[in-house]
Amino acid sequence: MRSLRPADRSAAAAKPLRGKLTSTRRDFIRGIAAAGASTAGAVAMERSGGYLFAEQALARRARNSFSDFRAIAPSSADAFEVAPGFRADVLISWGDIFRGRDRRTLRYGFNNDFLAYFPLRGNREGLLFINHEYPDPFFLHGYKPDGSPKNAAQVQEEQDSVGNSILHIRRRRNGLWKVVSPSRYNRRIYGDRPDLVFTGPLVGAPGVGTSAHGSLGNCSGGVTPWGTAVSCEENFDDYGLDVAVDVSDQYGWAQYGGRPEDAEYDPERFKKYGWVCEHDPYDPDYVGRKHTALGRFRHENAAFRHEPGKRFVVYMGDDKNNEGVYKFVSDRSFRPRRFADNRRLLESGQLYIARWEPEGRRRFARPGVTTPITATEGAGTWEPVPEEALDDTATKLRAAIGDAEYDLHYATNRPEDLEVAEDGSVFIALTNNTSVNDSHGAVRRLRERRNDPEALEFRWRDYAAGGPTGSTEPGREGFSSPDNLVFDKAANLWVVTDISTSRLNRNEYAFHRNNAMFMVPTSGRNRGIAFRFANGPVECELTGPYFTPNERTLFVNVQHPGELTGNTSSSPGIFGQEVTYTSWWPEGNKTANDNPSTPKPSTVTIMRVEEVDERDD
Ligand code: FEO
Ligand code: CA
Ligand code: CA
Ligand code: CA
């Protein structure tokens, strides 16, 4: 292992990641939406009687400092590239040390995915809540998926690398962000500790019990209107399985952990993971919760909607080929300033699954084709999920409904993030689905009947389709495989892409090159067009985009750079020999043959260049 850098290193050591910009056309993008548009996330967030996010709410209709930019060309370089006039800086990387209460040593986890900013002092100081989705055994301890057993120390290292980080950050005088360390707020949740408690109808049920050791598979998430973080446990069924069985993303913790409680990672015998979890970043003593009322499936994220006089609603997707989209309707309503009451909104209610007409999936004749053979709009209903199905929701629903009906009317093309727009409509990233030849995915828009969040009927339309546009103008070539979504205040939809690593830069994905970040205006003359704002380094996906309330900093995570290293015969990789690794980002750049380094998942800040004065620190 390489030596670890301290998280609060000096500004001089922090390497700006200003990309090489190849665009020569002056195609300056006007992303500002037409009058009346605003952001979905601009809910007034309340805590303990105070409106912490008041500035965000007041700033509605304001111009967003990110939405005018010159789009950049696709790239396969081992670099983080961003549009001209912006700079990107690494805030923290996997393995970096930060200190919590009592100066306790903490290490930043692997594969950062969801992130959200919780203000302490407006836009200058706050807490980042971050998910660490899954470990990479090769980069952690040199393990290759050859079927050989792991030892308990290796399993422990993997458990330490996942879960969540709560990170206290502040802007320096020069404008750059830094980690505040030590801080009483800084802490970690790991794959095996501390215990989280279950809430809802299945507390005490067989295999569930009353608590779980830690959290894992934390993919995306959400911020509740009462100011807590929600973290979604996605691929929970990869952890207990035997590494000798088949593929590289099974971790074998139930077999090799060596402790009796490690048996609880076996998803057949226990139901400890696969839930929507809730944490309070502001409260270091908060005991995390796992909400059984929201069902157990491969939860990607949670998007909230509350309307006066209506019950509180949560939208969720099951991120697997041919799985569904869900809605939870709480028994109660969100009530401003009732913090203790609001905290119980996720504990009781009714879960529904979407039934799509004429069918839920976009099917294509062949891989790479961009015109579907199925409808791109239609209607739908919300069908109630019985309580007996909450502990293994998709499996039990499919068994009860039958494969033919389920695949026709419930299956979709792998839902990743959902976001609720300002007008109440729901945007769903349907990332792709190889089983129906959907290579590039789409963003679907769902509107409830009469715009009522409690409605049991809806209409839908595929809003923005993935795939090459045919345009050769730099930055307008199109996107593929949408994953996380976020709206800005000007109602632009920001989309990060996740073409799987083994397919990147090949065949029908060649046009796209590396995974990237796009801005899609939702109104005006550029409505629906995806403009490329940033490119990720080799074999990564970009995750978790999130703005500060004033939208002058955009945080984004770089997940799994260099992921093929050590995992395939084409990229064998020798542990400890960085020159053999497929990415050297962020400390090096393999395509420029600059500084062979271990690739590290990292959290990046993006700001306008003029936000930072490097002479002043
Ligand atoms: Fe973890 Fe659905 O991506
Ligand atoms: Ca992902
Ligand atoms: Ca995702
Ligand atoms: Ca994905």
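Here the structure is a predicted model, which is why all the values come from computation and not from measurement. Indexing begins at 1, ligand by ligand and atom by atom, following the structure's order.
Residue contact annotation: Asp319 places no N/O/S atom under 2.8 Å from atom 1 (Fe) of ligand 1. At a cut-off of 2.8 Å, Glu133 coordinates atom 1 (Fe) of ligand 1 through an N, O or S atom. Taking backbone and side chain together, Asp498 holds no N, O or S atom under 2.8 Å from atom 2 (Fe) of ligand 1.
Of all N, O or S atoms in Asp483, the one lying closest to the Ca ion (ligand 4) is OD2. Atom 2 (Fe) of ligand 1 lies closest to atom OE2 when only the N/O/S atoms of Glu234 are considered. Closest N/O/S atom of Glu300 to atom 2 (Fe) of ligand 1: OE1. Among the heteroatoms counted here (N, O or S) of Glu416, OE1 is the one nearest to atom 2 (Fe) of ligand 1.
Around the Ca ion (ligand 4), the angle linking Glu416 (OE2) with Asp498 (OD2) is 180°, rounded to 10 degrees.
A salt bridge links Asp318 to Arg298: one of the charged nitrogens lies within less than 4.0 Å of a carboxylate oxygen.
Here the side chain of Arg188 pairs a donor or acceptor atom with the backbone of Asp160 at under 3.5 angstrom.
Using a 30° and 60° split on the angle between ring planes, Phe66 and Phe86 fall in the parallel class, below 30°. Ring geometry, Trp382 versus Phe458: the interplanar angle falls from 30° to 60°, so the pair is classed tilted.
Under the 4.5 Å side-chain criterion, counting only non-hydrogen atoms from C-beta, Val385 is in contact with Tyr326.
Here the options are Leu128, Asp280, Leu127, Thr228, the test is side-chain contact (heavy atoms from CB on, under 4.5 Å), and the partner is Phe118; only Leu127 passes.
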